[in-house]
Colleague: 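After the structure tokens below, expect a handful of questions from me.
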There are 2 protein chains.
Amino acid sequence: MSTGNQGPISVTNSSINHSAVECTESLRGVQDALYVLSGKWKLPIIITLTGQPRRFKELQRQIAGITAKVLSKELKELEMNEFVVRNVYATTPVTIEYELTEYSQSLNTVIEALRNWGIQHRERIIGQHKTV
Amino acid sequence: MSTGNQGPISVTNSSINHSAVECTESLRGVQDALYVLSGKWKLPIIITLTGQPRRFKELQRQIAGITAKVLSKELKELEMNEFVVRNVYATTPVTIEYELTEYSQSLNTVIEALRNWGIQHRERIIGQHKTV
DNA sequence: GTTAGCAGTATCCCAAAGGATACCAGTATC
DNA sequence: GATACTGGTATCCTTTGGGATACTGCTAAC
């Protein structure tokens, strides 16, 4: 698939999911979702694009530490997954703007879930270290 | 933190989150959550442990393709994050069982969210390829 | 005409993730 | 007494992700 996710990992567990097929589909679904958000810079790029479109160099300036090579690669992946569109305007010289798609909004619920769980988890783990 | 997640990436976007602090905390939360599920084998291990505890070699046999080294490392990370406990039984020779914790259940909602989104996404992307 | 900005690409390099293989001490079986 | 199983560890190797740096063709400003 165009997300670049690899072939299936086989784990057979018929006790929670009712069939091996369902189990495999679930696993693949979770792994696909994790895959599209993987990498150090996907989230920072999405956050930076939230609200307003940005040009390439603008993005690079906003996101401290990212190199042009990596930004370029990540933007292509985000485009492939239809989170971002690349708009070319025929100004001289051409202006290129990256913009979040409507579809990218569909990530919101999963990002919210990750966020809430992550914040809670950090507190839990750090809290325990303090008591030791 | 014990998840091994790295230092913060700075992205300042005051337009969606109301303060830079909130934005950073959200980003870190999401990245922490992604981090604890990262790696090729975490999910397969969790799935295999769902329902029944398993011994080390049992796990290795169930999860096709994982090596002892990687299984051992992943189990340690899962233990650190309190998803798994390692039980040692004083049989001769000792029996060691890995078991999901109650806390690991807290992942269920986020895994569900990832799963649903992931399955939907795969259909969307593959569907488009067919029409081309 | 030199400098600076744009939107990247190309090349080289390094560290981390993960695979392959060998090995260990202890016990139980044939 | 050789073989096999347990719960791993150690070593070596390849692949991947990502950083650093240089460069490109084009245009606008000084």
Side-chain angles (χ1 to χ4, degrees), chain A residues 3-11 31 34-46 48-49 53-81 84-99, chain B residues 2-11 31 34-45 48-49 53-81 84-99:
Chain A
T3 58
N5 203 348
Q6 269 63 37
I9 289 177
S10 140
V11 174
Q31 287 177 327
L34 289 175
Y35 185 84
V36 303
L37 294 176
S38 71
K40 190 170 170 182
W41 300 107
K42 296 250 171 59
L43 257 351
I45 292 171
I46 290 173
T48 306
L49 288 177
R54 301 277 196 176
R55 303 171 62 177
F56 188 90
K57 288 285 185 189
E58 245 180 314
L59 277 172
Q60 206 187 338
R61 264 180 262 114
Q62 287 281 320
I63 304 171
I66 196 169
T67 64
K69 186 187 89 173
V70 173
L71 177 55
S72 169
K73 193 191 127 223
E74 297 283 55
L75 284 171
K76 276 174 191 155
E77 285 187 42
L78 291 171
E79 253 193 282
M80 280 191 355
N81 284 306
V84 162
V85 280
R86 181 178 184 268
N87 294 316
V88 183
Y89 299 105
T91 53
T92 50
V94 287
T95 304
I96 292 173
E97 267 188 353
Y98 293 91
E99 187 180 3
Chain B
S2 78
T3 56
N5 202 345
Q6 269 63 39
I9 288 176
S10 141
V11 173
Q31 287 177 328
L34 289 175
Y35 185 83
V36 302
L37 295 176
S38 72
K40 191 171 172 184
W41 301 105
K42 296 251 170 59
L43 257 351
I45 292 171
T48 306
L49 287 177
R54 300 276 196 179
R55 301 171 64 177
F56 188 89
K57 288 285 185 189
E58 245 181 313
L59 277 171
Q60 206 186 340
R61 264 180 261 114
Q62 286 283 319
I63 304 170
I66 196 168
T67 63
K69 186 187 90 174
V70 173
L71 177 56
S72 168
K73 193 191 127 222
E74 297 283 56
L75 284 171
K76 276 173 191 157
E77 285 185 44
L78 291 172
E79 252 193 283
M80 280 193 352
N81 284 307
V84 162
V85 279
R86 181 178 184 270
N87 295 315
V88 183
Y89 299 105
T91 53
T92 52
V94 287
T95 304
I96 292 173
E97 266 188 357
Y98 292 92
E99 186 180 4

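Chain A is the first sequence line, chain B the second, and so forth, proteins listed ahead of strands; every chain is numbered from 1. These numbers come from the heavy atoms of this one structure, side chains and all, not from hydrogens, waters or symmetry mates. The model shown is predicted, which means the values in this text are computed figures rather than measured ones.
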Colleague: Taking the axis from the first five pairs and the axis from the last five, what angle separates them in the helix from C:dG1-D:dC30 to C:dC30-D:dG1, rounded to 10 degrees?
Modeller: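 Computed from the C1' atoms at both ends, the axes differ by 20°.
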Colleague: Compare every heavy atom of A:Glu97 with every heavy atom of A:Pro53, then report the nearest pair and how far apart it is.
Modeller: CB-OE1, 3.7 Å
Colleague: CD of B:Glu77 versus C1' of C:dA16: gap in Å, rounded?
Modeller: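 For the pair B:Glu77 CD and C:dA16 C1', the rounded distance is 12 Å.
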Colleague: C:dG18 P sits how many Å from B:Leu75 CG, rounded?
Modeller: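 After rounding, the gap between these two atoms is 14 Å.
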Colleague: Specify the separation, in whole Å, of atom CH2 of A:Trp41 and atom P of D:dG18.
Modeller: 9 Å
Colleague: Nearest whole Å is fine: how far is C:dC6 C1' from A:Arg54 CZ?
Modeller: 17 Å
Colleague: Go through the structure and list residues passing side chain to side chain donor-acceptor pair (under 3.5 Å) with A:Thr95, not counting sequence neighbours.
Modeller: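 Only A:Thr91 meet the side chain to side chain donor-acceptor pair (under 3.5 Å) criterion with A:Thr95.
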Colleague: Under a 3.5 Å distance rule, please check whether B:Lys73 uses its side chain to pair with a backbone N or O of B:Lys69 as donor and acceptor.
Modeller: no
Colleague: What are the two closest non-hydrogen atoms of A:Ile96 and A:Arg86, and how far apart are they?
Modeller: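 Closest heavy-atom pair between A:Ile96 and A:Arg86: CD1-NH2, 3.2 Å.
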Colleague: For A:Gln62 and C:dA7, give me the distance from atom CD to atom C1', rounded to whole Å.
Modeller: 17 Å
Colleague: Donor-acceptor pair, A:Thr48 side chain versus A:Pro44 backbone, under 3.5 Å?
Modeller: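 Present.
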Colleague: Return the nearest nucleotide to the side chain of A:Thr92; candidates are D:dA28, D:dG19, C:dG19.
Modeller: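 Of all the options, the side chain of A:Thr92 is nearest to D:dA28.
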Colleague: Return yes if the base of C:dG19 and the side-chain atoms of B:Lys69 contain a donor-acceptor N/O pair under 3.5 Å, otherwise no.
Modeller: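 When only heavy-atom distances are counted, B:Lys69 does reach the base of C:dG19 through a donor-acceptor pair under 3.5 Å.
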Colleague: Across nucleotides 1-8 of chain D, 5' to 3', mark each nucleotide with B, S or - according to how protein heavy atoms within less than 4.0 Å reach it.
Modeller: -----SBB
Colleague: In whole Å, what is the span from the CG atom of A:Asn87 to the P atom of C:dG8?
Modeller: 12 Å
Colleague: Minimum heavy-atom separation for B:Arg54 to B:Leu59, with atom names?
Modeller: CB-CG, 3.7 Å
Colleague: Can you name the closest pair of heavy atoms from B:Leu37 and A:Leu34 and give their distance?
Modeller: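 Smallest interatomic distance, heavy atoms only, reads O-CD1, 3.9 Å.
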Colleague: Quick check: closest heavy atoms across A:Gln31 and B:Lys40, and the distance to 0.1 Å?
Modeller: NE2-O, 3.8 Å
Colleague: Starting at atom CG of B:Leu71, determine the distance to atom C1' of C:dG18, rounded to an integer number of angstrom.
Modeller: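 For the pair B:Leu71 CG and C:dG18 C1', the rounded distance is 13 Å.
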Colleague: Applying a 4.0 Å non-hydrogen cut-off, can you work out what A:Gly39 is touching in the nucleic acid: base, sugar-phosphate, or nothing?
Modeller: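 Sugar-phosphate only.
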Colleague: Please report the closest heavy-atom contact between A:Tyr98 and A:Leu49, naming both atoms and the distance.
Modeller: O-CD2, 3.4 Å
Colleague: Which whole-number value in Å describes the distance from B:Lys40 NZ to D:dG17 P?
Modeller: 12 Å
